[in-house]
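Notes to accompany the following structure.
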Amino acid sequence: MAKKKPVEGEKRAFLTGNEAVAWAALVAGAEIMYGYPITPQNQVMHTWARIIPPFDRKFLQTEDEISAGFATCGGVLAGVKAFTATAGPGNVLMQEPQSMAEAMRIPAVFIIQQRGGPSSGTVIYSQQETTLTTYGGNGEGWRIVYSVGNHQEMYDYIIKAFNVAWKYRFPTYVMGDGYQAELREGLTMYDPEERGIEMIESEPIVGRPGVPGVDRPPAHLVNIYSLEEELYEVCMKYQAEYDKIAKEVKECETFETDTAEILVIGHGAVFRSVKEAVFNMRDKGINVGYFRPVTLKPLDVEKLRECVEKAKVVLVAESSLGQLYRQIRDACYGLTTPIRGLFMPAMGIVSHDIENEVQKILNE
Amino acid sequence: MSAKMKIGKKVPPMPESWYEPSKPHLFCPGCGYGIMFKALGQVVDELNIRDRVVYGIDIGCSLLSYNFFNFDTIQTHHGRTTPVIYGVRRADPSRICIGVFGDGGGYAIGSQHLVNACVRNEKVFCILMNNTVYGMTGGQMAPTTMPDQITATTPYGKKVEEFGWPMQGPETIAAIGGDGVYAARAIVSNFRQLKKMIEKGIRNIMDNRGFSFLEVLSLCPTNWRTNAKETWDYVNNVMTKYFKVGEIKVPEELKEV
């Protein structure tokens with residue numbers, strides 16, 4: 001008998017972002033979550049542990065984020081959709097298993113709810129895990145990172161993350177922040193298959209059917225190599241594969257970039273304010289537009305350069321001292337448009353912060 | 001089994017669970033790992049569980065067994081074998097998860113995983129090779145290093161007042177483990193006992209009873225800088241002064257095995 005679906009039909013709900021994460025993972029077919037308490041992602045675990053019994057899913061609270069990450073890798077290798085969630089110093093500890101996931105192409109899903117940093121920082125909000133989440137680990141950043149801006153996106157992109165991870169076999173991230181984690185707002189919950197979204201099946205990577213050495217070769221999975229040349233070949237192969245899939249994976253959102261003299265860039269929760277500010281200023285007849293990266297890794301460099309080239313000034317607004325800014329600047333190397341920053345580490349940015357900054361630029 | 005491996009009539013066959021193309025193996029001459037692998041291979045053959053085993057290994061000497069066996073193998077990070085294999089077991093309880101690592105991986109960098117896997121009674125079997133040093137990284141002091149032992153990081157001998165006594169692993173596991181935990185210490189010079197303990201450790205997790213832990217007193221002539229005689233003397237007569245060989249915690253049901 002088919003198991004009861006967690007969500008039937010389209011359902012309006014009023015949830016926190018963390019609750020939306022748990023429900024989205026449930027409808028996406030996640031079988032197990034491994035997690036360790038850290039604010040502001042705790043409620044993901046609380047919600048998951050509370051809602052799973054009728055649906056025969058599992059939860060394990062581990063001894064730290066290192067083990068939560070490695071156990072997630074183990075669960076994925078066993079052949080199920082597995083995920084974990086963390087934040088701040090937990091995200092730092094979890095870079096070790098995340099690095100293994102990159103090296104062994106383990107399609108684990110990581111939910112990051114950013115908090116203040118460095119160190120313990122605050123438990124509240126920030127965008128200071130952008131560099132860590134996109135490029136953390138002792139590697140090259142073979143990760144797919146979505147930065148979401150509201151609860152509907154949180155829900156939609158978690159469903160997408162499981163599919164993207166299992167399709168391309170790169171670790172996949174959905175990054176929010178403490179504001180989004182704890183804020184309650186409306187969203188529509190749905191079963192992805194009822195909407196015609198095809199869910200990709202997971203499959204065992206160890207423990208495939210048959211006797212190893214008789215019916216199939218044994219799986220000997222490694223992340224260490226004897227020679228520089230061996231690792232070089234692996235790196236070049238993975239990079240080529242990443243570059244290839246980047247074209248299909250990259251996502252961005254733009255508005256009035258053809259006519260904008262001032263192009264505002266922001267991601268995640270800050271994008272809400274960017275959008276509001278740009279709409280307000282357009283109403284006042286100011287020539288502004290926005291570029292919003294949805295995937296921070298891979299970044300849609302082509303579209304970004306096209307937008308930046310047309311603008312007279314670019315303003316990057318973010319709740320850090322330039323973590324997205326540095327990615328934007330790298331991607332725009334060779335273009336002459338000045339790129340400015342509105343940097344408010346650990347602070348929320350509201351629309352009038354951005355409008356004031358644009359006004360300053362106009363007054364110069 | 002190829003003919004070339006049958007050097008003489010008296011050479012026993014390799015266990016079926018060994019992956020023949022990877023032989024001769026990568027471990028140093030005189031290393032104790034091969035003895036434990038022989039016992040492990042034979043037990044997996046006898047229990048006929050090759051298709052269910054997921055074998056996890058650390059960084060450190062154990063990683064050299066990444067293609068040693070004819071069963072599914074995951075090479076993890078230093079100290080992280082335990083969480084990877086309990087992650088596998090939690091996701092798919094039909095798997096028989098066996099982790100192998102050294103005293104550094106188990107008692108130093110991965111000690112929190114070992115302790116908590118025991119406390120939660122994870123149904124996995126961890127085998128820890130105790131050779132009193134970090135082997136692969138060049139013979140540094142381990143939590144198991146003996147008093148006055150010379151290592152790369154204690155060139156004048158390990159001072160107990162500075163660095164403490166050798167870690168008592170299976171005793172710790174027995175002390176913190178609840179019902180169903182199996183904890184024992186074997187020695188590579190007693191093959192029959194070693195094999196029996198491996199069998200009990202595996203049976204304990206197959207019966208879904210509890211966490212299994214086996215420390216194996218092993219050999220490292222490379223880092224001990226000992227000849228064959230001195231090597232065996234060290235493991236049999238010096239190490240056993242601090243590390244008592246035997247079963248420390250045995251679930252009732254396993255006592256008859």
Side-chain angles (χ1 to χ4, degrees), chain A residues 30-34 36 57-82 84 93 95-101 103-104 106 108 138 202 204-226, chain B residues 16-22 26 48-59 63-97 99 109-117 119-120 122 124 136:
Chain A
E31 290 287 333
I32 187 163
M33 176 187 185
Y34 305 86
Y36 184 80
R57 315 291 173 89
K58 297 171 195 168
F59 172 64
L60 176 67
Q61 185 174 326
T62 61
E63 57 271 19
D64 54 23
E65 286 88 354
I66 300 172
S67 39
F70 277 106
T72 304
C73 291
V76 168
L77 291 171
V80 305
K81 291 181 184 172
T84 183
L93 286 178
Q95 289 308 313
E96 192 195 340
Q98 290 174 24
S99 177
M100 187 171 95
M104 299 171 91
I106 296 172
N138 55 336
S202 58
I205 300 168
V206 293
R208 284 175 294 123
V211 180
V214 178
D215 307 309
R216 62 174 176 86
H220 290 149
L221 310 179
V222 297
N223 55 56
I224 191 166
Y225 303 90
S226 304
Chain B
E16 290 275 316
S17 303
W18 281 24
Y19 186 63
E20 197 194 311
S22 66
L26 300 168
N48 195 21
I49 52 171
R50 188 151 40 113
D51 57 335
R52 290 176 59 198
V53 169
V54 172
Y55 173 67
I57 46 175
D58 240 54
I59 288 294
L63 82 84
L64 297 173
S65 66
Y66 71 92
N67 61 359
F68 194 99
F69 289 106
N70 216 342
F71 39 67
D72 290 352
T73 303
I74 308 169
Q75 173 253 316
T76 72
H77 286 191
H78 192 30
R80 313 305 178 208
T81 301
T82 310
V84 171
I85 62 169
Y86 71 58
V88 171
R89 179 59 172 66
R90 289 270 176 171
D92 181 357
S94 72
R95 296 295 116 200
I96 298 166
C97 296
I109 192 167
S111 55
Q112 77 274 38
H113 307 309
L114 196 59
V115 164
N116 286 281
V119 169
R120 290 197 305 265
E122 298 283 351
V124 297
M136 182 166 277

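A, B, ... follow the sequence lines: proteins, then strands. Residue 1 opens every chain.
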Heavy-atom distances under 4.5 Å only: say whether [X] touches chain B with side chain, backbone, both or neither.
{"X": "I224(A)", "value": "both"}
{"X": "D215(A)", "value": "neither"}
{"X": "R208(A)", "value": "backbone"}
{"X": "V222(A)", "value": "both"}

Heavy-atom distance under 4.5 Å to chain A: side chain of [X], backbone, both or neither?
{"X": "T81(B)", "answer": "neither"}
{"X": "I59(B)", "answer": "side chain"}
{"X": "R50(B)", "answer": "both"}
{"X": "I74(B)", "answer": "both"}

Nearest-0.5 Å distance, OG of residue S99(A) to NE2 of residue H77(B):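 Going from the OG atom of S99(A) to the NE2 atom of H77(B) covers 5.5 Å.
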
Side-chain donor/acceptor of N223(A) to backbone N/O of Q75(B), under 3.5 Å: yes

Polar side-chain atom of H220(A) near backbone of F69(B) as donor-acceptor pair, under 3.5 Å: yes

What residue, out of [options], has the most heavy-atom pairs lying under 4.5 Å from chain B?
{"options": "I66(A), I32(A), V80(A), L77(A)", "answer": "I66(A)"}
{"options": "G213(A), A78(A), S67(A)", "answer": "S67(A)"}
{"options": "M100(A), E96(A), M104(A)", "answer": "E96(A)"}

Flag side-chain contact, heavy atom, 4.5 Å: K58(A) against P93(B): yes

R216(A) and D72(B), any side-chain heavy atoms less than 4.5 Å apart: yes

The single option from T73(B), D51(B), V53(B) passing side-chain contact (heavy atoms from CB on, under 4.5 Å) against P212(A):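 The single option meeting the side-chain contact (heavy atoms from CB on, under 4.5 Å) with P212(A) is D51(B).
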
Within the 6.0 Å centroid threshold, strictly below: F70(A) and H113(B): no

Steps toward side-chain contact (heavy atoms from CB on, under 4.5 Å) verdict (V119(B), E63(A)): CA-CA 10 Å; V119(B) 169; E63(A) 57 271 19; over 6 Å; no

Salt bridge (Lys or Arg N to Asp or Glu O under 4.0 Å) against E122(B), all qualifying residues, sequence neighbours excluded: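 So E122(B) forms a salt bridge (Lys or Arg N to Asp or Glu O under 4.0 Å) with R90(B), R120(B).
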
